[in-house]
Amino acid sequence: MALSVEKWVGFGSAMAGFGLLWSRMPEHVHDEARHIISSLVPMLMSYFNPYEQISISEYGEERFRRNKMFDAVSTYLRSTCLDVASNLTAELGDKSKDHLLINLDENQEVVDNFQGARMWWRLYPKSAKKWGATVISLLPGDSDEQPRCYRLVFHQRHRKLVLDSYLPSVVRQWRKLIDTNRQRQLFTNYSREGKSHWINVPYNPPATFDMLAMDHHKKVEIMEDLNTFREAKEYHSKVGKAWKRGYLLHGPPGTGKSTMIGAMANLLRYDVYDLDLTSIKDNAELRKLFLDTTDKSIIVIEDIDAIEVELTTKRKGKEAAQENSNSHRVKIELPDKNEDHGKVTLSGLLSFVDGLWSACGSERIFVFTTNHVDRLDPALIRRGRMDRHIEMSYCRFEAFKMLAKSYLDITEHSLFGEIGQLLDEINTTPADVADSLMPRGKRNGEMDRLLDEMNGAPADLMLRVKRRREADDCLAGLVETLKTKKAAKMKTASPPMDSM
Ligand SMILES: Nc1ncnc2c1ncn2[C@@H]1O[C@H](COP(=O)(O)OP(=O)(O)OP(=O)(O)O)[C@@H](O)[C@H]1O
Ligand SMILES: [Mg+2]
């Protein structure tokens, strides 16, 4: 069938050539005959060549810009038609060290079926010449050095199907595939010659919601909220709301706020933009940075309280400001009269969170973190602006059990009761507990002796014994740490003897 498609297309080219020849010799032919033959040529052409084709060049109109449709077709064919192809190419992808990228080789033809219609695809090499036939060409110019291009051949009765359904479905599937396979990026802003830019690095945060130690119901609620947000494109357009969501994560240092951001990025597979306000000159720069962010991203401003303190001090007057003058806090200020020129202002920031500019771009999540929620300006945290306020708190027994499962792979132990009680009595952060649960690999004479005695036992049994011993050590160490903290707390709580 492939051959016959080529034959028909070739025949069409011959007919087209004939039509061209005819148009070049008008003076030798009677006008009326010329008119009849000219109108017959297209009919003959479509009779003899019922196939049409679409070319999708590797580069767009301006030559230097890659044609995304070409990439869409490559990805689509890779996922649907490789099984039937005999000539393939292989290269190492940049996603991971062993990630193989298999593609169709040049000149390899494959057939795809779409709603009962057959589609013939072929990748033409760089210097391929144009075909004749009826061409809807996306290929620019007439230069001999044509870039590589895919040619899609289909029966002319399927033209509408191809243009209205088939190609859009190729693009849809491509977007879905790149969404799941894409390497996520972590962006941060920096300033060069007075201008702000984003730089990025590949981002694979290790944190997941599974390993996040916090109240289970709260965790499930947050995950559901994020999943609902991701699916809520139509809802947002129906109610006329920008498709964005604001989270305020608050709690003492080491309670998992940054870890939660990584877990969110993992769950949604979004990029993260870590916005450093200290290096932004003014609102115009801030706007530029926001406009440079992409959809499906989390925009993070950490320690927003540092900004708010400055804001509050400015409003409270110079005295209070002086107290904080040697702090490293960010200069975000309310626009005093006409003073907003040359500064990043709170209103400038808020215009992106839920003001006029928030409608630019969609599927964005804003996350602000703070250690001091009480210091924040109500304007920043009012409901509707920050959709959810999530408190990350000290480690209690339930959170501890999650950490023990992640770090030591245990769900019960004789010390659990004592640890639970101590955690109720003193405020310890999950970061501190996690630190105690990390096996230090320190030498343990008793364990070495035991393992020596077990010499010759199955390897997995030895490993289990080793793990169990490590867990014993870590939990005993945690009990010690917690007891020391409790003693210190009691000492500060009770008045010194000489004051009695
Ligand atoms: N809730 C938690 N669940 C699991 N691990 C946690 C949790 N909280 C803290 N950790 C551990 O402690 C480390 C520090 O936590 P993280 O940086 O997320 O705290 P934070 O709340 O962002 O602190 P800060 O306010 O100082 O920025 C993490 O790398 C993680 O290993
Ligand atoms: Mg943090």
Q. Okay, side chain of Y203, backbone of Y270: is any donor-acceptor separation there less than 3.5 Å?
A. no
Q) Take atom NZ in K218; do more than 12 heavy atoms of anything else shown fall under 6.0 Å from it? A) yes
Q: Look at the aromatic rings of F290 and F366 and report parallel, tilted or perpendicular, splitting at 30° and 60°.
A: tilted
(Q) Hydrogens and angles aside, do T188 and D276 bring a side-chain donor and acceptor to less than 3.5 Å of each other? (A) no
Q: Go through R230 and E363 one step at a time and tell me if the side chain to side chain contact (heavy atoms under 4.5 Å, CB included) criterion holds.
A: CA-CA 7 Å; R230 183 172 39 186; E363 219 177 334; 3.9 Å; yes
Q) Do I280 and L349 come close enough that some side-chain heavy atom pair is under 4.5 Å? A) no
Q.
Pair F400, F416 - check ring-ring contact (aromatic ring centres under 6.0 Å, His included), show working.
A. CA-CA 9 Å; F400 160 74; F416 270 21; 5.1 Å; yes
Q) Is any side-chain heavy atom of S436 less than 4.5 Å from a side-chain heavy atom of E480? A) no
Q: Enter the distance from E285:CD to N189:CG here, rounded to the nearest 0.5 Å.
A: 10.0 Å
(Q) For a 4.5 angstrom cut-off between non-hydrogen side-chain atoms, does I178 reach D71? (A) no
Q: Evaluate whether atom OH of Y235 has more than 12 neighbouring non-hydrogen atoms of other residues, nucleotides or ligands under 6.0 angstrom away.
A: no
Q: Specify whether F70 and Y150 have parallel, tilted or perpendicular ring planes, treating 30° as the upper limit for parallel and 60° as the lower limit for perpendicular.
A: tilted
Q) Is there a donor-acceptor pair closer than 3.5 Å between any side-chain N or O of S165 and the backbone N or O of V162? A) no
Q) Would you say M264 and Y247 make side-chain contact, with heavy atoms under 4.5 Å? A) yes
**Q.** Audit row: K401, K405, side chain to side chain contact (heavy atoms under 4.5 Å, CB included) steps and yes/no
**A.** CA-CA 6 Å; K401 281 198 291 187; K405 176 84 188 84; over 6 Å; no
Q.
If I compare all heavy atoms of R78 with all of I102, which pair ends up nearest, and what's the gap?
A. CG-O, 2.9 Å
Q) Does K257 use its side chain to pair, donor to acceptor, with the backbone of P252 at less than 3.5 Å? A) yes
Q. In Å and rounded to the nearest 0.5 Å, what is the CG to CZ distance from D215 to R396?
A. 12.5 Å
Q: Quick one: closest heavy-atom pair of A434 and Y407, and the distance?
A: CB-OH, 3.4 Å
Q.
I'd like to know whether CD of E425 has more than 12 heavy-atom contacts from other residues, nucleotides or ligands below 6.0 angstrom.
A. yes
(Q) Rounded to the nearest 0.5 Å, what separates atom OG1 in T89 from atom CG in L123? (A) 8.5 Å
Q. Checking K219 side chain against L212 main chain: does a donor-acceptor pair fall under 3.5 Å?
A. yes
Q: Name the orientation class of the two ring planes belonging to F229 and W243 (parallel below 30°, tilted from 30 to 60°, perpendicular beyond 60°).
A: tilted
Q) Could you state the interatomic distance from OG1 (T75) to CG (N103), rounded to the nearest 0.5 Å? A) 8.0 Å
Q: Classify the side-chain pair H413/D472 by whether it contains a donor and acceptor separated by less than 3.5 Å.
A: yes
(Q) Can you confirm whether L275 sits close enough to L289 that some side-chain heavy atom of one is under 4.5 Å from a side-chain heavy atom of the other? (A) yes
Q: Could you tell me whether a side-chain N or O of N227 sits under 3.5 Å from a main-chain N or O of M223, the two making a donor and an acceptor?
A: yes
Q. Is the backbone N or O of T370 less than 3.5 Å from a side-chain atom of D303, with the two atoms forming a donor-acceptor pair by type?
A. no
Q | Closest non-hydrogen atom pair, A72 against V170 | A | O-CG1, 4.1 Å
Q | Separation of S191 OG from K281 NZ (nearest 0.5 Å) | A | 7.5 Å
(Q) Counting C-beta onward and ignoring hydrogens, is there a side-chain heavy-atom pair between T255 and E391 closer than 4.5 Å? (A) no
**Q.** CG-CZ distance between D409 and R467, expressed to the nearest 0.5 angstrom
**A.** 7.5 Å
Q. After noting the C-alpha distance and the side-chain angles of D292 and K288, does the key distance pass the salt bridge (charged side-chain N to carboxylate O under 4.0 Å, His left out) rule?
A. CA-CA 6 Å; D292 280 350; K288 177 180 170 299; 3.6 Å; yes
Q. When you measure from the side chain of D112 to the backbone N and O of C81, does any donor-acceptor pair fall under 3.5 Å?
A. no
Q | Check against side chain to side chain contact (heavy atoms under 4.5 Å, CB included), I222 and M214 | A | CA-CA 11 Å; I222 296 166; M214 61 184 289; 3.8 Å; yes
Q. What heavy-atom pair brings S279 and S196 nearest, and what distance separates the two atoms?
A. O-OG, 3.8 Å
Q: Apply side chain to side chain contact (heavy atoms under 4.5 Å, CB included) to M119 and L161, showing your working.
A: CA-CA 11 Å; M119 314 284 170; L161 178 77; 4.3 Å; yes
Q: Measure the shortest side-chain to side-chain distance between E470 and L408 over non-hydrogen atoms and say whether it is less than 4.5 angstrom.
A: no
Q. Should K486 and Q421 count as side-chain neighbours, where that means a heavy-atom distance under 4.5 Å?
A. no
Q | Minimum heavy-atom distance between A265 and V272, given as atom pair plus value | A | CB-CG2, 3.7 Å
Q | Shortest non-hydrogen contact between G262 and P205, atoms and distance | A | O-CG, 3.6 Å
Q: Count the heavy atoms belonging to other residues, nucleotides or ligands that lie under 6.0 Å from NZ of K485, then report whether that count exceeds 12.
A: yes
